[in-house]
Amino acid sequence: MEMFSKLSGMLLNALETREPTADLLDSFIDHWRSITNYYIQTTDDSRPASQTDIPWRLRQMTDILVYEEKQQEEPGRCLEFLLQNRLLETLCTLGKAQYPPGMSQQVLLFFSRLLSQMQKSLLQLVPVRTPVQKLIGLCALPGSCTEKEEAQFLLAICSRVSRDPQMLRYILQAPDAASSQSEASASSAVQSERGLLWVLLQLSSSKNSVVRLKACEGLLQLASLLGVAPPGPPGELQAAATQLGQLLAGRLQELYSLLPLEEIQVAELRSWPRPSWRSESADHMTRFLTWFDFLDELTANAPQALSQQVSHCVLQRWLMETLRPQLLNACELSVLASTSILCCAIRQVRSPSLLDQLLDFLLKTPSMLQLLLRRCDHASDQISVASLSLVDELLQKPRRDVLDTLVLGFLQSRRYLSSPAGGAEDRQPVSDGSDDGRDPEDDPFFSDGFPDDHLPPRLHQPAAGSAADIINSFLGLVPVQVRSAHLLQDGGYEAYVLDARSLVSQCQALSLQWAWPQTTSPPTCSSGEESDFFEGPLLRFLFEHLGRMLQQPYELNLQLTAVLSRLCAFSHPLLDEYLLDPFVHLSAGSRSLFAVLVRVVGELMERIQQVADLPQRLLDTRRHLLGLQLDSRPEHLALLQGVIVLEEFCKELAAIVFVKMSLEQNQDRFCSGPGSAGPEPAE
């Protein structure tokens, strides 16, 4: 009753302010009078506001204000009446009191229409800005039934501020700060707890998709303004930008902490489609990834200063505080889940600033890079696959330092070379580094190369060490008697050319701006320093896994060869020489991709002697892998699957060489010897 008495007194005072004026003002005052009369005359305090004429009266008042504005340039008498008599303050108080029930909904709608339909920047006016700030403080309260109207009201504010950016520093004030501080010191009050940014963040997690989307759109609009130097003292909005970064990153951290790590299906996560923050969020994982997508879009489009601020907060709050301890954890379940989620985030990210922070975390954080690479060769095959998947995603990002850090920095010295290579006449396919190395073309287990109709044009008579020689070397590596593709009438290496062209084009597009050299530099060591060569932890792990491909699970072999194929697809002279040239002269203790494959074939020829009915077993295994046959005998299964992967991998490498040769035209960068003859351009 005390609250009702105060409201009645305030409304009676408002009624006494009427002045004689034009009919438009009379109509405006009549509508306001009808609203105030309701509070004076009504005896039913349980009747909802929607069942009274209050909503209609408020809409009529808005229409009058909009019409009046269109009729004249100067502020009209109706707007003056609204401001002078503090009608917005009164409505804000009525909405807070929720009298009649549901009044807050009507007040929010009135404010939303007023801000969105009026052309004048009303937020510059203290009698408008102060009640708006108070109404912001009434949003996102626990148990609120007006989320939809709140989101509409807040989005109207953000849209108005976008058209009038100098108002940003004032509207970010929380209501308590706004009422206690002067205009001159407004900047010192930005962003107390229940300010506009905080309220929008709360609504961005609403179960109502309409509310969530409007709140996110409001945050995007404000982010487009924060970080841009506003009129006034330098750094005036820095506190707001900092808190926005903390709020956004804190939400990501919170959503990550809700993920049921023990229930995560890693295989599904590797093929998880990119979710949009505008889509529905059905489960914890989708909510986390959609929020990450929102941060990705926000940091991609925000001013650089704010984008870097938010991205740095993501680094500190999510990556360093939460994810890093899980990656360092001894629990394999924690390691597997966190690695897989990080891989998914790397695959999704497009924002340059957010990508920079993710790469800094992986490549520059002490112990993280070494840990990631060690886990490419983990006792758990699942963790090895997840770690290799993460490396594969890193190689697809448009950052030169990924390849420099993981591979090229270790090949720069070219210490894998035994001595300056001789002319083309003495170049032979590389051995595996042991004394009993053999030339695949001289081995009875190997084919005579590929048919003439499979050769690129004008490469039917290849010179020693030419691109055709290289293609022949890879295709002739797998002995005829263990090949099985022809049993299902699968094509030769040409079946991989289309995929290889897409892969090579993608890698070349990434490296287009990286200013890579076109030729290799002379080795930086003498013959006495040959044993010092180290291919780097990544290539070491890849080669060691490749050497065990006949004993490893099929999924691990697929991921392993995918990473190696991607490395081979990059057009860098060191990668061409070290990974794709079978004729390179290796120093003692060094190994190349071809040398490792030769050793695998040597092991293969020993182990297949134990497999009875080899052609049929290979055919059954290939059918099983293609989904054409449900069952597969378990005996020697890893060996048979490894043989199939090896056959296909060699064809894929041959296709990559062919595509790169075609793109290079007259340049044969695959041959390290200065006297080798390159292929003629393909017709």
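This is a predicted model, so every value here is computed, not measured. Numbering of residues begins at 1 and proceeds along the displayed sequence.
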Listed partners of [X] passing salt bridge (charged side-chain N to carboxylate O under 4.0 Å, His left out), at least two apart:
X	result
Asp499	none
Arg212	none
Arg324	none
Arg59	none

Do any side-chain atoms of residues 357-365 form donor-acceptor pairs under 3.5 angstrom with protein atoms, and if so which ones, sequence neighbours left out?
| residue | atom | partner | partner atom | Å |
| --- | --- | --- | --- | --- |
| Thr365 | OG1 | Asp360 | O | 3.3 |
| Thr365 | OG1 | Phe361 | O | 2.8 |

_According to ring-ring contact (aromatic ring centres under 6.0 Å, His included), does anything in residues 125-152 pair up with another residue at least two apart or in another chain? List the pairs._
none
*Under the ring pair (Phe, Tyr, Trp, His ring centres under 6.0 Å) rule, collect the residues that match up with Trp272, sequence neighbours excluded.*
none
*State which residues pass ring pair (Phe, Tyr, Trp, His ring centres under 6.0 Å) with Phe288; sequence neighbours excluded, sorted by chain then number.*
Tyr256, Trp318
Restricting to side chain to side chain donor-acceptor pair (under 3.5 Å), what partner residues turn up for [X], sequence neighbours left out?
X	result
Glu147	Ser206
Ser144	Thr146, Glu150
Ser279	none
Ser46	Asp44

*asked:* Using only atom types and a distance under 3.5 Å, with no angle test, would you say the side chain of Gln559 pairs donor to acceptor with the backbone of Val385?
replied: no
